[in-house]
Amino acid sequence: MPRAVERLAQLQAHLVTSAKQSGRPAPVLLAVSKTRDSSEITALNAAGQHRFGENYVQEAISKMRELVGNNIEWHLIGHLQSNKAKDVATHFDWVQSVDRIKLVDALARHRPGDRGALNLLVQVNIDDEASKHGCTPADAEAICEAIATHESLALRGLMAIPAPSVDVDVRRTAFHDMRLLFDQLRERFPSMDTLSMGMSDDADLAISEGSTMVRIGTALFGPRPAK
Ligand SMILES: *Cc1c(COP(=O)(O)O)cnc(C)c1O
C-alpha cells in the first residue's frame, strides 16, 4: 500500500479527534497534490479521497486530462492571474484564491453554461502585510457581493494563508480573526459554508479556531520533491 494511502486513514482519524477536542465538527480534507504525479492522486482517490488542490494551472489541467473519468473535485489554491481565468473557469470545480473583483467578472464570463456554478472562496490577507495576494479584510464584503450577483458563480466562503510565524499566539489570532470575519459575512451571505484554513503544520490550531476545510500536502504525501 502506498505511504500516502496509509497516511490518509491516519490523517482522517486525527482530524476527527482534533475537532472533537475543540468541540467542533470535523473539517473537510483537501489533499494538496501540487508537484505530485497522477498515479499518486489515483491511489488516494481509490482510497476514497475526493477533493484535490492544485497551485499551478497548466500542471493541474494536464493531470485532469490524465485522470478524466475519475470522481475528483479540483480546487485551485494558488495565485490566479487574470489571463488564466478562462482556463480555470473551464476546468476547475472550485477557486479558493479569488482576491479582486476583476477576477470575479472574468471567471463568471468564462464559466461554461453546461458546467454548473463555479464554487469560489475569497482569499483574505489576514495578517501578512508583505504578501501581495489576498484582499484586505475590509475589501472582502465587496468581493462577496460581486460574486453573489453572478448565476455562474457560487459564493462558498473564505480562504486564508496566515504568515508562517513561529509564535503560536500570532497564528492563533489570525485564524481567530478569520473565523470572526467568516461568521460576520455569513449573516449577509448564507451560501457561505466553507472556511479554508490550516495546512500540515498548523491544521490543529486552525481547527480549534473553527476551520471547516484543511489543505494538506506534506503530511499526506511526504516532503515535496525539489522542482
Ligand atoms: C502547498 C499549499 C498547501 C499545503 O501545504 P503543506 O504544508 O504541504 O500541507 C496548502 N495551501 C496552499 C495555498 C498551498 O500552496
Side-chain angles (χ1 to χ4, degrees), residues 2-15 18-19 26-38 40-41 43-44 49-61 63 72-81 84 88 92-100 103 119-128 130-135 140 156-166 168 170-172 174-175 178-179 182 194-227:
R3 280 301 302 278
V5 172
E6 279 172 45
R7 290 197 191 100
L8 176 65
Q10 291 161 3
L11 180 61
Q12 290 283 20
H14 176 82
L15 293 176
S18 176
V28 164
L29 172 61
L30 182 73
V32 175
S33 46
K34 62 181 172 221
T35 78
R36 303 297 169 172
D37 62 34
S38 299
E40 294 177 273
I41 297 173
L44 277 191
Q49 177 61 30
H50 170 53
R51 300 175 181 88
F52 289 85
E54 290 280 342
N55 289 61
Y56 310 105
V57 176
Q58 292 317 319
E59 177 187 333
I61 290 174
K63 290 176 194 174
I72 294 179
E73 185 179 276
W74 294 99
H75 292 233
L76 181 71
I77 60 174
H79 176 65
L80 172 53
Q81 290 166 317
K84 300 258 173 70
V88 169
F92 280 84
D93 302 297
W94 288 62
V95 181
Q96 300 205 3
S97 48
V98 175
D99 60 1
R100 54 204 190 277
L103 201 50
N119 297 291
L120 301 187
L121 301 182
V122 176
Q123 183 180 349
V124 180
N125 182 347
I126 196 70
D127 67 344
D128 187 0
S131 169
K132 295 186 290 289
H133 306 316
C135 68
R156 300 298 296 272
L158 304 178
M159 185 272 254
I161 315 171
S165 165
V166 279
V168 173
V170 171
R171 276 201 266 178
R172 184 185 294 283
F175 289 137
M178 278 302 297
R179 179 69 203 208
F182 176 66
T194 303
L195 177 58
S196 168
M197 58 186 196
M199 320 203 304
S200 293
D201 282 345
D202 54 14
D204 290 330
L205 193 58
I207 291 166
S208 73
E209 294 300 331
S211 166
T212 75
M213 180 186 285
V214 291
R215 309 178 306 267
I216 307 285
T218 311
L220 258 183
F221 292 103
R224 273 183 288 280
K227 268 202 128 180

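Values reported hereafter were calculated over all heavy atoms of this structure, with side chains retained and with hydrogens, waters and symmetry mates removed. Counting starts at 1 for both ligands and their atoms, following the listed order. Predicted model only: the values in this text are computed from it and were never measured.
Atom numbering of ligand 1 starts at 1 in the shown order; those under 4.0 Å from a heavy atom of Asn55 are 14 (C), 15 (O). For ligand 1, the atoms closer than 4.0 angstrom to any heavy atom of Ile77 are 11 (N), 12 (C), 13 (C), 14 (C). Using a 4.0 Å cut-off to heavy atoms of Ile216, the atoms of ligand 1 that qualify are 9 (O). Interface of Ile161 with ligand 1, defined as ligand atoms under 4.0 Å from a residue heavy atom, comprises 13 (C).
Protein heavy atom in closest approach to atom 8 (O) of ligand 1: Thr218 OG1, 2.6 Å. For atom 9 (O) of ligand 1, the closest non-hydrogen atom on the protein side is Ser200 OG, 2.5 Å. Protein heavy atom closest to atom 11 (N) of ligand 1, with residue, atom name and distance, is Arg215 NE, 2.9 Å. The closest protein non-hydrogen atom to atom 10 (C) of ligand 1 is Met199 SD, 3.1 Å.
A donor-acceptor pair under 3.5 Å links the side-chain atoms of Arg171 to the main chain of Ser165, judged by distance alone. With hydrogens and angles ignored, the 3.5 Å screen pairs no side-chain donor or acceptor of Gln12 with any backbone N or O of Arg7.
Within the 4.5 Å cutoff, side-chain heavy atoms of Leu29 are placed close to those of Gln49.
When every heavy atom of Ala219 is checked against every heavy atom of Ile216, the shortest pair comes out as CB-CG2, 3.6 Å. Ser97 and Gly78 get closest at one heavy-atom pair: OG-O, 2.6 Å.
Between the side chains of Asn119 and His75, no donor-acceptor pair is found at a separation under 3.5 Å.
For Glu54 and Lys63, the salt-bridge test passes: some basic side-chain N is under 4.0 Å from an acidic carboxylate O. Under 4.0 Å is where a charged nitrogen must lie from a carboxylate oxygen, and between Glu73 and Arg51 at least one such pair does.
Annotation: Gly217 places an N or O atom under 3.5 Å from an N or O atom of ligand 1; distance criterion only. Considering backbone and side-chain N/O of Lys34, one or more are found under 3.5 Å from N/O of ligand 1.
Using a 4.0 angstrom heavy-atom cutoff, Arg224 counts as in contact with ligand 1.
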